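All values below were derived from every heavy atom in this structure, side-chain atoms included, with hydrogens, water molecules and symmetry-related copies excluded. Not measured: the values here are computed from a predicted model.
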Amino acid sequence: MSIERPALAVRRDLTQALKQQIKRTGEQESTVRGGDWRLAVVTVVGTDGTVTADGIPCRRMEFYPNPVVGDVIAITQSSSGNWLAWGRMVADTDGIGTRLFKRKTILTGPRTSATPAADPHLSVTLAPNASYTLEVFAKWSGDGASDINWSWIVPASATGSWVCYAGDTAMTALPTTMRSIDTSVNGGSRSFGVISTVIGVAMSGTVNTTTGGTFAANWGAQTGGGTGVTLYEDSWIKLERMA
């Protein structure tokens with residue numbers, strides 16, 4: 001013999017079922033739940049300022065330059081259903097457009113040794129399989145008896161070139177001397193003239209890596225003895241990834 005459930009219990013169960021269905025529908029419908037955001041992987045880079053991530057076409061924000069396939073990005077949806085790509089997430093390596101900047105807040109020196117050493121402030125970590133532009137501003141001085149010897153510490157197998165707009169060792173000319181970046185501490189070194197007055201010089205170039213690692217200014221006196229050479233606060237290096 002069947003037993004009929006009370007009408008009140010049936011209504012209660014039906015009400016609960018309807019609530020659950022409404023909740024599930026709202027979770028999936030943007031017009032109900034409003035805006036949200038999520039992580040997605042870029043699969044297509046458009047030529048009109050858009051990317052497609054996880055099959056969703058998204059308009060890129062101004063601060064998401066140089067997108068590439070494989071970027072993990074944050075995307076967000078409006079209540080009307082439109083999608084925006086906010087930008088890539090920070091990863092173990094730096095993405096294209098990333099800027100690395102270091103500035104000296106205190107001077108270093110005087111250094112009297114002819115053996116160059118890494119600067120304690122002007123050092124950054126480069127990503128593997130990347131290309132960077134290099135910009136430098138350096139302030140130095142010395143007693144004139146010994147010039148400054150400048151080179152770079154770079155990751156293994158790194159390549160590139162740099163130019164320094166500075167005086168020759170006699171401070172009689174302003175050459176633009178191209179030097180190759182080398183993995184050896186002394187491989188790409190160049191000597192530049194210093195005087196007792198603090199002077200500022202500019203450098204620029206490119207750095208290409210196959211393995212990641214430290215990139216640092218490496219400098220010292222050209223010859224030992226004398227009162228040495230000093231590198232001053234507000235000297236800086238800046239590298240921007242371009243590939």
Side-chain angles (χ1 to χ4, degrees), residues 26-105 118-137 152-163 181 183 202-217 234-243:
E27 289 173 345
Q28 300 173 7
E29 181 59 50
S30 62
T31 57
V32 175
R33 72 175 184 267
D36 67 355
W37 72 274
R38 55 174 286 193
L39 297 181
V41 178
V42 174
T43 54
V44 178
V45 176
T47 58
D48 57 351
T50 64
V51 295
T52 300
D54 290 357
I56 303 171
C58 307
R59 175 69 57 182
R60 289 190 292 117
M61 300 293 287
E62 182 179 7
F63 41 79
Y64 178 27
N66 306 311
V68 296
V69 172
D71 279 349
V72 178
I73 63 174
I75 61 177
T76 184
Q77 186 183 37
S78 70
S79 59
S80 62
N82 295 317
W83 287 88
L84 290 177
W86 284 100
R88 64 176 59 87
M89 299 293 96
V90 174
D92 291 337
T93 57
D94 300 309
I96 294 173
T98 297
R99 293 180 181 178
L100 306 174
F101 180 84
K102 285 297 179 68
R103 179 181 67 90
K104 291 184 70 65
T105 56
D119 189 88
H121 309 110
L122 304 183
S123 175
V124 297
T125 300
L126 303 185
N129 302 311
S131 293
Y132 296 85
T133 55
L134 169 67
E135 295 181 61
V136 183
F137 172 68
W152 301 102
I153 295 174
V154 301
S157 302
T159 63
S161 299
W162 60 283
V163 59
I181 296 173
T183 54
M203 307 180 200
S204 60
T206 58
V207 186
N208 311 298
T209 66
T210 54
T211 60
T214 298
F215 180 89
D234 288 332
S235 297
W236 53 261
I237 62 173
K238 179 174 71 174
L239 293 97
E240 181 172 356
R241 184 170 178 180
M242 57 183 177

Subject >> Arg99 side, atom CZ; Leu239 side, atom CG - distance, nearest 0.5 Å >> reply: 12.0 Å
Original post:
Checking Thr52 side chain against Thr43 main chain: does a donor-acceptor pair fall under 3.5 Å?
Top reply: no
**OP:** Please check if the side chain of Thr125 supplies one atom and the backbone of Thr214 the other of a donor-acceptor pair under 3.5 Å.
**Re:** no
**OP:** Would you mind reporting whether Leu126 and Leu100 have side-chain heavy atoms less than 4.5 Å apart?
**Re:** yes
**OP:** Check Pro65 against Arg88 and note the closest heavy-atom contact, atom names and distance.
**Re:** O-NH2, 3.5 Å
Subject >> salt bridge (Lys or Arg N to Asp or Glu O under 4.0 Å): pairs with one or both residues in residues 123-135, sequence neighbours excluded >> reply: Glu135-Lys238
Subject >> Where at least one partner belongs to residues 76-86, residue pairs that pass salt bridge (Lys or Arg N to Asp or Glu O under 4.0 Å), sequence neighbours excluded >> reply: none
**OP:** Report yes if the side chains of Thr206 and Met242 come closer than 4.5 Å at any heavy-atom pair, otherwise no.
**Re:** yes
Original post:
What is the minimum heavy-atom distance between Ala85 and Val51, and which atoms define it?
Top reply: CB-CG2, 4.0 Å
Original post:
Can you find a pair of side-chain heavy atoms, one from Val42 and one from Pro67, that are under 4.5 Å apart?
Top reply: no
**OP:** State which residues pass salt bridge (Lys or Arg N to Asp or Glu O under 4.0 Å) with Arg38; sequence neighbours excluded, sorted by chain then number.
**Re:** Asp54
Original post:
What distance do Arg60 atom CZ and Leu84 atom CG have between them, rounded to the nearest 0.5 Å?
Top reply: 12.0 Å
**OP:** Measure the spacing between NZ of Lys104 and CD1 of Ile237 and express it to the nearest 0.5 Å.
**Re:** 10.5 Å
Original post:
When rounded to the nearest 0.5 angstrom, what distance separates OH in Tyr132 from CZ in Phe215?
Top reply: 10.5 Å
Subject >> Minimum-distance pair of heavy atoms, taken over all atoms of Arg241 and Asn129 >> reply: NH2-O, 3.6 Å
Original post:
Got more than 12 heavy atoms from elsewhere within 6.0 Å of CH2, Trp236?
Top reply: yes
**OP:** To the nearest 0.5 angstrom, please state how far the CG atom of Asn66 sits from the CG atom of Asp71.
**Re:** 9.5 Å
Original post:
If only atom types and distance count, is the side chain of Lys102 paired as donor or acceptor with the main-chain N or O of Ser123 below 3.5 Å?
Top reply: yes
Original post:
What are the two closest heavy atoms between Pro57 and Trp83, and how far apart are they?
Top reply: O-CB, 3.6 Å
**OP:** For the pair Tyr64 (side chain) and Arg59 (backbone), establish whether a donor and an acceptor sit closer than 3.5 Å, ignoring hydrogens and angles.
**Re:** no
Original post:
About how many Å separate CG of Asn208 and OG of Ser161, when rounded to the nearest 0.5 Å?
Top reply: 8.5 Å
Original post:
Taking Thr211 for the side chain and Ala156 for the main chain, is one N or O donor matched with an acceptor at less than 3.5 Å?
Top reply: yes
Subject >> Shortest non-hydrogen contact from Ala74 toward Leu39 >> reply: CA-CD2, 4.2 Å
**OP:** Report yes if some heavy atom in the side chain of Val45 is under 4.5 Å from a heavy atom in the side chain of Val68; otherwise report no.
**Re:** no
Subject >> Taking every non-hydrogen atom, the tightest pair across Phe137 and Asp234 >> reply: CD2-O, 3.6 Å
Subject >> Side-chain touch Leu134/Trp152, heavy atoms, less than 4.5 angstrom >> reply: yes
Original post:
Is a donor on one side and an acceptor on the other found under 3.5 Å between the side chain of Thr209 and the backbone of Ala130?
Top reply: yes
